[in-house]
Every structure is written in structure tokens, then in C-alpha cells.
Number of protein chains: 2
Amino acid sequence: MPTVSSEELAAAAGVNSAKLRKDFSYLGSYGTRGVGYDVEYLVYQISRELGLTQDWPVVIVGIGNLGAALANYGGFASRGFRVAALIDADPAMAGKPVAGIPVQHTDDLEKIIDENGVSIGVIATPAGAAQPVCDRLVAAGVTSILNFAPTVLSVPDGVDVRKVDLSIELQILAFHEQRKAGEEAEAQAGAAAPAERGDQGEGPDGDVPAVMPA
Amino acid sequence: MPTVSSEELAAAAGVNSAKLRKDFSYLGSYGTRGVGYDVEYLVYQISRELGLTQDWPVVIVGIGNLGAALANYGGFASRGFRVAALIDADPAMAGKPVAGIPVQHTDDLEKIIDENGVSIGVIATPAGAAQPVCDRLVAAGVTSILNFAPTVLSVPDGVDVRKVDLSIELQILAFHEQRKAGEEAEAQAGAAAPAERGDQGEGPDGDVPAVMPA
DNA sequence: CGGTGTGAAGAGCTTCACAGCA
DNA sequence: TGCTGTGAAGCTCTTCACACCG
């Protein structure tokens with residue numbers, strides 16, 4: 001498929017084609033009127049804009065189950081991320097390979113950051129260790145942190161933190177589940193069929209419907 | 001702290017106090033003018049509305065690193081989730097306890113769902129196994145699925161799917177990181193100081209700023 | 001007086017609709 | 001003719017500002 005129209009892409013993504021065209025237009029005029037978008041060129045332009053064509057060395061601190069899962073996650077490499085190092089506080093872990101990368105000890109954190117030119121750190125430690133690890137990462141020059149620990153991190157200005165709470169997604173599902181149950185009960189009692197959202201509910205976009213008074 | 005004002009909560013959450021009050025008002029009028037909100041009562045009301053006071057049995061399918069990490073994740077219990085069962089296709093895993101729960105074999109999936117009244121399933125399998133597992137979960141009565149596998153699942157109407165892509169958060173960080181670098185270069189060349197977002201970047205809300213033409 | 005609850009104004013985002021180009 | 005690129009309309013979400021109440 002050498003070219004694709006905004007209509008096709010919009011249908012695939014579940015959005016309005018005008019919105020898709022407007023969004024693309026912010027990147028430049030990469031489409032051809034009467035034809036559509038050249039797929040290869042479009043992919044390249046979007047990749048470039050998102051930073052996928054760059055090489056981003058990252059370190060993962062805290063090699064428990066989650067850290068190991070992240071180290072093994074295949075999706076990183078294809079998006080320009082390179083796991084430069086795995087770091088853990090447990091001396092017993094040191095040297096052990098995880099996902100083919102030997103785990104290094106926390107003592108060497110600063111050296112590792114420096115030598116690899118790392119600007120993005122992933123924290124997958126227990127809650128208690130997160131803030132100290134964060135402080136050391138920042139002091140060593142990391143300016144973006146992805147935090148999986150259930151703690152709110154404080155960082156100086158200029159450092160970005162994103163917190164991932166694995167239970168939030170479950171909670172959103174439970175919320176919808178609860179509403180489904182409520183609507184069923186309502187439908188039985190009442191008459192009109194309740195509207196149901198049919199979108200593909202793609203991950204992190206916080207699309208919880210407004211809560212109206214009962 | 002028996003009561004709290006919208007101003008305090010808003011500051012803690014990094015949002016506007018008017019928004020917070022308006023949001024709360026959709027749940028009912030739980031505040032007291034001149035005083036604020038009764039903390040305990042507020043917590044209860046919000047918990048109830050979000051479904052945290054209910055018991056949600058969930059099954060986790062695919063007990064690799066990620067599945068194990070999820071099974072061990074402490075945040076679930078406190079939000080009303082109970083890991084009813086762990087399921088894996090590997091016979092060698094069967095019976096082995098993970099997070100204190102014995103892993104069961106995929107063969108018994110339907111029975112497990114049924115006996116535990118599970119309506120929420122978590123898929124942490126490799127990509128290839130996700131759709132078949134999903135189909136079986138749905139056939140067995142699951143109506144909400146949290147998908148960690150890098151695949152888009154197709155499900156019948158009435159079933160909610162949420163897809164978590166662990167690399168998306170990293171990508172958002174990398175995007176900001178790239179912009180920081182760009183802005184620095186700009187600031188050196190030009191004069192005006194570029195605006196910088198200072199919020200706590202809380203997890204899944206897809207707040208990527210609009211991309212403007214270079 | 002202090003702080004909620006909320007109508008109204010404002011800002012930002014989405015969709016429409018069509019001019020314009022291959 | 002077909003589909004992009006985009007001004008303008010429409011809509012939703014956010015913030016303001018203040019009446020009202022404990």
C-alpha cells in the first residue's frame with residue numbers, strides 16, 4: 001500500500017478524518033491532494049517528529065519482576081530506546097544477566113549515567129527507594145524520569161517525571177464495569193436502551209466519562 | 001486533618017480549585033461552606049463512586065515477568081481488586097506459587113472464571129497468545145480486559161478493552177526531552193526564554209503538547 | 001469571615017465544509 | 001474527479017467571579 005487517505009487512517013484509528021488531517025498539517029503539508037499520504041514518507045516524518053529516529057539510552061533502576069519485564073520488553077528497541085544499563089541495589093544481582101544485560105550495582109549509578117550519556121531513567125524500585133534513587137539520577141544529569149514506584153517524586157524544575165500506576169487502568173475498567181451493571185439494572189426498570197461506548201479504549205488517555213449525579 | 005479546603009486539595013493535585021469544586025459537585029454537595037470538605041466522608045463518597053468499595057476478583061493470564069510483577073503489585077488490594085487466580089500456559093508453572101497464589105493451567109481457564117465470578121481479566125501473555133486468550137476470557141463471561149500484550153485485540157460489543165503500552169510513556173518523555181534540546185538551541189540563538197511546563201506529569205493522560213511547525 | 005456551589009465567560013479542541021490542487 | 005489543507009462554526013472543558021451559607 002504505497003499511499004493512504006486521511007479517511008482510511010481515521011477509520012483505522014477511530015477518529016474523525018478532519019482531525020487527522022488537521023493534526024498532520026501541523027507537521028507540514030506531506031499529503032498530495034487527490035491521492036493521499038505517501039505511507040513511507042509519512043511514517044518517516046512522524047517518526048522524526050516524535051523522536052523515534054534518535055537513539056535514547058535509558059537505564060532501568062530496580063531489577064525486580066517489573067524491572068526485568070521492562071528490560072525484556074521488545075517494544076523499546078523499535079522506538080529508538082536502548083537499555084544502556086540495569087541497576088539494582090542487591091549485591092547478589094550484580095553481574096547476573098537480565099535480558100542479556102548484566103545487572104550493575106547502585107554504587108556505580110553516577111558513573112553509568114555519565115559514561116552512557118543517559119538522560120532518561122526508569123525507576124522500578126520499591127516505594128521506599130524511589131526518591132533517593134531519583135535524587136541520584138537527577139544529580140547525575142538525568143532530566144526525564146519514568147516512575148513505576150507508588151510514590152510521588154519531587155524533582156527540581158526542568159526535570160520531567162511521569163508516574164505509571166498499573167492499578168489505575170484496572171480501576172478505569174472497574175469503573176466502567178460498575179456502570180454497566182448500573183445501566184442494566186436501570187434498563188430493566190426503565191425502558192430506553194442506554195448508550196454504550198464502542199471505541200477501542202486505547203491505553204493512557206484518561207477517558208473516563210463525566211460522573212453525573214444519581 | 002479532619003477537613004480540607006478545595007484550595008488545599010487543588011494545590012496538592014496541581015489543578016485549579018474551581019475545577020476541583022465543580023468536579024466534586026457532580027458527586028453531590030459534600031462540602032460545608034466556610035469549612036471545607038470532611039476528609040473521611042469525602043474519601044468514602046469518592047471511593048464509592050469509583051467502585052473502590054466493591055470487591056473485584058481479577059485473573060491474570062500469562063505469568064512471565066510482567067504477570068508476576070502485577071501479581072505482586074501492592075496497589076491492587078487497596079483499591080478493591082483481588083487476584084482470584086493466576087493462569088499460565090506452561091505446564092511447568094502449574095502449582096508454583098507466585099505472590100502466594102498457585103499458578104493454574106490455561107486448560108482450566110473457563111472453570112476458574114466461572115467459579116470466581118470474574119468479570120475483569122488481565123492479559124500479560126506474549127503477543128501471539130493474546131487474542132486466543134482474549135477470546136476464551138470473553139466466551140467465559142469476562143467483560144473487561146486489560147491488555148499488556150503489544151496487540152490490538154478484537155472483542156464483541158459490550159466488552160471493554162484497555163491497552164497498556166509501557167513504551168508509550170517512555171516515548172512521551174523522549175518527546176519532551178527532544179523539545180528541551182531544541183529549545184536550548186533556540187534560546188542560545190534567539191533571545192526569549194521558552195515556556196516550560198511544571199506539572200507533576202501524572203501517568204496516563206496523554207498530555208502531549210501540540211506540535212507546531214518548525 | 002471563609003469557603004462552597006455554580007452561572008457565565010473564556011479558552012481550547014473538534015468538526016464542518018469547501019477552496020484549491022494533482 | 002478525489003482528497004488535502006484550513007478558515008470558521010460548534011462544542012466541550014476550564015476558569016472566573018460571586019451569591020450564598022455555616
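Sequence lines set the chain letters: A, B, ... in the order given, protein chains first and strands last, and positions in each chain run from 1. This is a predicted model, so every value here is computed, not measured.
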Value in whole Å for how far the [atom2] atom of [N] lies from [atom1] of [X]:
X	N	atom1	atom2	answer
A/K22	C/dG12	NZ	C1'	12 Å
A/E8	D/dC3	CD	C1'	11 Å
A/L9	D/dC3	CG	P	13 Å
B/L27	C/dG5	CG	C1'	13 Å
A/L20	D/dG5	CG	P	11 Å
A/D38	C/dA22	CG	P	16 Å
B/Q45	C/dT4	CD	P	17 Å
B/E7	C/dC1	CD	P	19 Å

Quiz item: So does A/R33 reach the base of D/dG2 with its side chain, donor to acceptor, closer than 3.5 Å?
Solution: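 No.
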Exercise. Kindly state whether the ring of A/F24 and the ring of A/Y37 have centres lying under 6.0 angstrom apart.
Key: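 Ring centroids of A/F24 and A/Y37 are less than 6.0 Å from each other.
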Practice problem: Apply the side-chain hydrogen bond (donor to acceptor under 3.5 Å, both in side chains) test between B/S6 and each candidate in B/K22, B/K19, B/R21; give the one that qualifies. | Solution: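 Output: one option passes, namely B/R21.
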Quiz item: B/Y37 side chain N/O closer than 4.0 Å to the phosphate oxygens (OP1, OP2) of C/dG2?
Solution: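 Answer no for this pair, as no side-chain N or O of B/Y37 is under 4.0 Å from OP1 or OP2.
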Exercise. May I ask you to verify if any side-chain N or O of A/S5 is less than 4.0 angstrom from the OP1 or OP2 atom of D/dC3?
Key: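 For A/S5, the contact criterion (side-chain N or O under 4.0 Å from OP1 or OP2 of D/dC3) is not met.
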Quiz prompt | Donor on one side chain, acceptor on other, A/Y73 and B/D165, under 3.5 Å | solution =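 Checked: A/Y73/B/D165 side chains pair up, N/O donor to acceptor below 3.5 Å.
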Quiz item: Going by atom types only, do A/E177 and B/T143 share a side-chain donor-acceptor pair under 3.5 Å?
Solution: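 Yes, side-chain donor-acceptor contact under 3.5 Å.
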Practice problem: Would you mind telling me which residue lines up with the more 5' stretch of DNA chain C, B/Y30 or A/V15, judged by nearest nucleotide? | Solution: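 Looking at DNA chain C, the more 5' nearest nucleotide goes with B/Y30.
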Exercise. With DNA chain C as reference, determine whether B/V35 or A/N16 sits nearer its 5' end, using the nearest nucleotide of each.
Key: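 It is B/V35, whose closest nucleotide lies nearer the 5' terminus.
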Quiz item: If you count the non-hydrogen atoms of other residues, nucleotides and ligands that lie under 6.0 Å from OH in B/Y44, is the total more than 12?
Solution: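 Check fails, neighbour count at 12 or below.
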Among [options], which nucleotide has an atom closest to any side-chain atom of [X]?
X	options	answer
B/K19	D/dC18, D/dT15, D/dG22	D/dT15
A/R21	D/dT6, D/dG22, C/dT4	D/dT6
A/T32	C/dG5, D/dT4, C/dA22	C/dA22

Practice problem: Answer with base, sugar-phosphate or nothing: what part of the nucleic acid does B/F24 contact at a heavy-atom distance below 4.0 Å? | Solution: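 Since no nucleic acid heavy atom lies under 4.0 Å of B/F24, the category is nothing.
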